[in-house]
Amino acid sequence: MLLELHKVSKHFSGLVAVDNFNMSIDAGELVGLIGPNGAGKSTIFNLITGVLPVTKGKIIFDGEDITDKRPHEVAELGVGRTFQLNPLFSDFTVLENVVASFHLRPKSSVLSALLNTTTYRKHEASIKEQAMEILKLLGLDKVKDELGKHLPHGHRLVLGIARALAVKPKLLLLDEPTRGMSLEEIDLALGAIERVCQQGVTIVLVEHNMEVIDFCDRVVVMSFGRKIAEGSIDQVRKNEEVIKAYLGDINAA
């Protein structure tokens, strides 16, 4: 088991955003986390990554308790994440954006960078080569020299995935990866996600587009901070509580 959430709750003053939530993710899975706006999906991501403190419960990642760890500590263990609004470096090229993300886990000292040592130059060359491999994997190599601010919406979101891959995650959390995309851009994003899965990266994605959810191995459905259903997409579609509370809303989103 790669990720386990045991009876996790999150309270904001009197508001219960996540209530006694359980979820387990096996290595290599592609899992969809769905539900209407306000269900608590992004809050779950914030709890896993340490952005928000857990009120109650426990989170285990790769056998280690990460419940009280800070975001950079969680990232160092191998958890990557994209956001609904990806904070790109607008005046950096696509390639430079990915290279910059590698430096979130630096292996060279500041002194070696200042002295421009041979070791530092080799390390930087290696980073650039790895960044290009990620761009090729996700189909962004043809726009590697484009500035971030000039990219179409779909390419920006896929670049967010590329940047997350730079930290070499075991688990990748994707928050609405196809939000606002055209059909062509959705195809680009789905192709990128599929290729990431083929690399052995475990993915949990929050998504409203049910065509994207169809690609998932398993689906977890949330309602007002609680898990109300779990299973294959076909099982979830037939679930009475999901049909009553969410399915129409999800398909309309």
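- For the salt bridge (charged side-chain N to carboxylate O under 4.0 Å, His left out) condition, no pair includes a residue of residues 31-51, sequence neighbours left out.
- For Thr202, there are no side chain to side chain donor-acceptor pair (under 3.5 Å) partners two or more places apart in sequence or in a different chain.
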*side chain to side chain contact (heavy atoms under 4.5 Å, CB included) assessment of Phe21 paired with Thr43*: CA-CA 11 Å; Phe21 185 84; Thr43 301; over 6 Å; no

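- Rounded to the nearest 0.5 Å, atoms NZ (Lys168) and CD (Glu76) are 14.0 Å apart.
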When the side chains of residues 190-200 are checked against the rest of the protein, which donor-acceptor pairs come out under 3.5 Å, sequence neighbours left out?
| residue | atom | partner | partner atom | Å |
| --- | --- | --- | --- | --- |
| Arg195 | NE | Leu137 | O | 2.3 |
| Arg195 | NH1 | Gly191 | O | 3.4 |
| Arg195 | NH2 | Leu137 | O | 3.4 |

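- Checked by atom type, the side-chain pair Thr178/Glu185 shows no donor-acceptor distance below 3.5 Å.
- Between Glu64 and Leu77 the shortest side-chain heavy-atom distance falls below 4.5 Å.
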*Would Asn46 and Arg81 satisfy side-chain hydrogen bond (donor to acceptor under 3.5 Å, both in side chains), going step by step from the backbone distance to the final call?*
CA-CA 10 Å; Asn46 286 334; Arg81 180 184 181 180; 2.6 Å; yes

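- In this view, Leu147 and Thr93, Lys149, His150 satisfy the side-chain contact (heavy atoms from CB on, under 4.5 Å) rule, not counting sequence neighbours.
- Listed here is the closest heavy atom pair of Val74 and Gly50: CG2-N, 4.4 Å.
- Taking the side chain as every heavy atom from C-beta outward, Val206 and Phe45 approach each other to under 4.5 Å.
- We find the CD1-NZ distance between Ile134 and Lys144 to be 15.0 Å, quoted to the nearest 0.5 Å.
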Using a 3.5 Å cut-off and no angle test, enumerate the donor-acceptor pairs between side-chain atoms of residues 22-32 and protein atoms at least two apart in sequence or in another chain.
| residue | atom | partner | partner atom | Å |
| --- | --- | --- | --- | --- |
| Asn22 | OD1 | Lys7 | N | 2.7 |
| Glu29 | OE1 | Asp26 | N | 2.9 |
| Glu29 | OE1 | Arg218 | NH2 | 2.7 |
| Glu29 | OE2 | Arg218 | NE | 3.1 |
| Glu29 | OE2 | Arg218 | NH2 | 3.3 |

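- Every side-chain contact (heavy atoms from CB on, under 4.5 Å) that Glu73 has, sequence neighbours left out, goes to Lys69, Arg70.
- When each of Leu157, Leu165, Leu159, Leu174 is checked for a side-chain contact (heavy atoms from CB on, under 4.5 Å) with Thr82, only Leu174 meets the rule.
- A search for side-chain contact (heavy atoms from CB on, under 4.5 Å) contacts involving Asp214 returns Ile233, Arg237, not counting sequence neighbours.
- One distance of note links CZ of Phe61 with OG1 of Thr49; it measures 12.0 Å at 0.5 Å rounding.
- Using a 4.5 Å cut-off on side-chain heavy atoms (C-beta onward), His6 and Glu4 make contact.
- Atom OG of Ser126 sits about 6.0 Å away from atom CD of Glu129, to the nearest 0.5 Å.
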*asked:* With side chain to side chain contact (heavy atoms under 4.5 Å, CB included) as the criterion, how do Ile34 and His208 come out once you've worked through the C-alpha distance, each side chain's angles and the decisive distance to 0.1 Å?
replied: CA-CA 7 Å; Ile34 66 175; His208 287 285; over 6 Å; no

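- Listed by chain and residue number, Phe89 satisfy the ring pair (Phe, Tyr, Trp, His ring centres under 6.0 Å) test with Phe92 (two or more places apart in sequence, or in another chain).
- Of the N and O atoms on the side chains of Ser9 and Asn20, not one donor lies less than 3.5 Å from an acceptor on the other residue.
- Looking at heavy atoms from C-beta onward, Leu3 lies out of side-chain contact with Ile60 at the 4.5 angstrom threshold.
- The backbone N or O of Val143 sits nowhere less than 3.5 Å from a side-chain atom of Glu146 that would complete a donor-acceptor pair.
- When all heavy atoms of Pro169 and Gly80 are compared, the pair lying nearest together is CB-N, 3.5 Å.
- In this structure, Val201 and Leu171 have side chains that are not in contact, with every pair of non-hydrogen atoms separated by 4.5 Å or more.
- Taking CD1 of Ile228 as the start and CG of Asn239 as the end, the distance is 6.5 Å to the nearest 0.5 Å.
- Heavy-atom minimum distance, Ala189 versus Val158: CA-CG2, 4.0 Å.
- Side chains of Met132 and Leu135 form a contact here, defined as non-hydrogen atoms less than 4.5 Å apart.
- Contact annotation: the side chain of Met222 never approaches that of Arg226 to less than 4.5 Å [non-hydrogen atoms, C-beta and beyond].
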*For Glu211 and Ile186, what are the C-alpha separation, side-chain angles and deciding distance, and is it a side chain to side chain contact (heavy atoms under 4.5 Å, CB included)?*
CA-CA 10 Å; Glu211 292 181 6; Ile186 289 175; 5.7 Å; no

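- Remark: Lys170 engages Asp62 in a salt bridge (charged side-chain N to carboxylate O under 4.0 Å, His left out) (not counting sequence neighbours).
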*asked:* Between Glu230 and Gln235, is the side chain to side chain contact (heavy atoms under 4.5 Å, CB included) condition met? List the steps.
replied: CA-CA 8 Å; Glu230 180 176 6; Gln235 290 171 328; over 6 Å; no

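- Arg156 places a side-chain N or O within 3.5 Å of a backbone atom of Leu151 that can act as its donor or acceptor partner.
- Considering every non-hydrogen atom in both Ala166 and Ser101, the closest pair reads CB-CB, 3.6 Å.
- Asp19 and His11 form no side-chain donor-acceptor contact under 3.5 Å, judged by distance and modelled atom types alone.
- Between the side chain of His153 and the main chain of Arg179, a donor-acceptor pair closer than 3.5 Å is present.
- Grouping the Ile, Leu, Val, Met, Phe, Trp and Tyr side chains by contacts below 4.5 angstrom, directly or via other members, places Val18 apart from Val16.
- Around the CG atom of Leu15, the shell of radius 6.0 Å holds more than 12 heavy atoms that belong to other residues, nucleotides or ligands.
- For Pro53, the side-chain contact (heavy atoms from CB on, under 4.5 Å) test picks out Lys10, with sequence neighbours left out.
- Taken to the nearest 0.5 Å, the CG atom of Asp187 stands 10.5 Å off from the CE atom of Met181.
- Every residue meeting the side chain to side chain donor-acceptor pair (under 3.5 Å) condition with Thr67, not counting sequence neighbours, appears here in chain and number order: Asp65.
- Two residues are said to be in side-chain contact when any heavy atoms from C-beta on lie closer than 4.5 Å; Phe12 and Leu52 meet this criterion.
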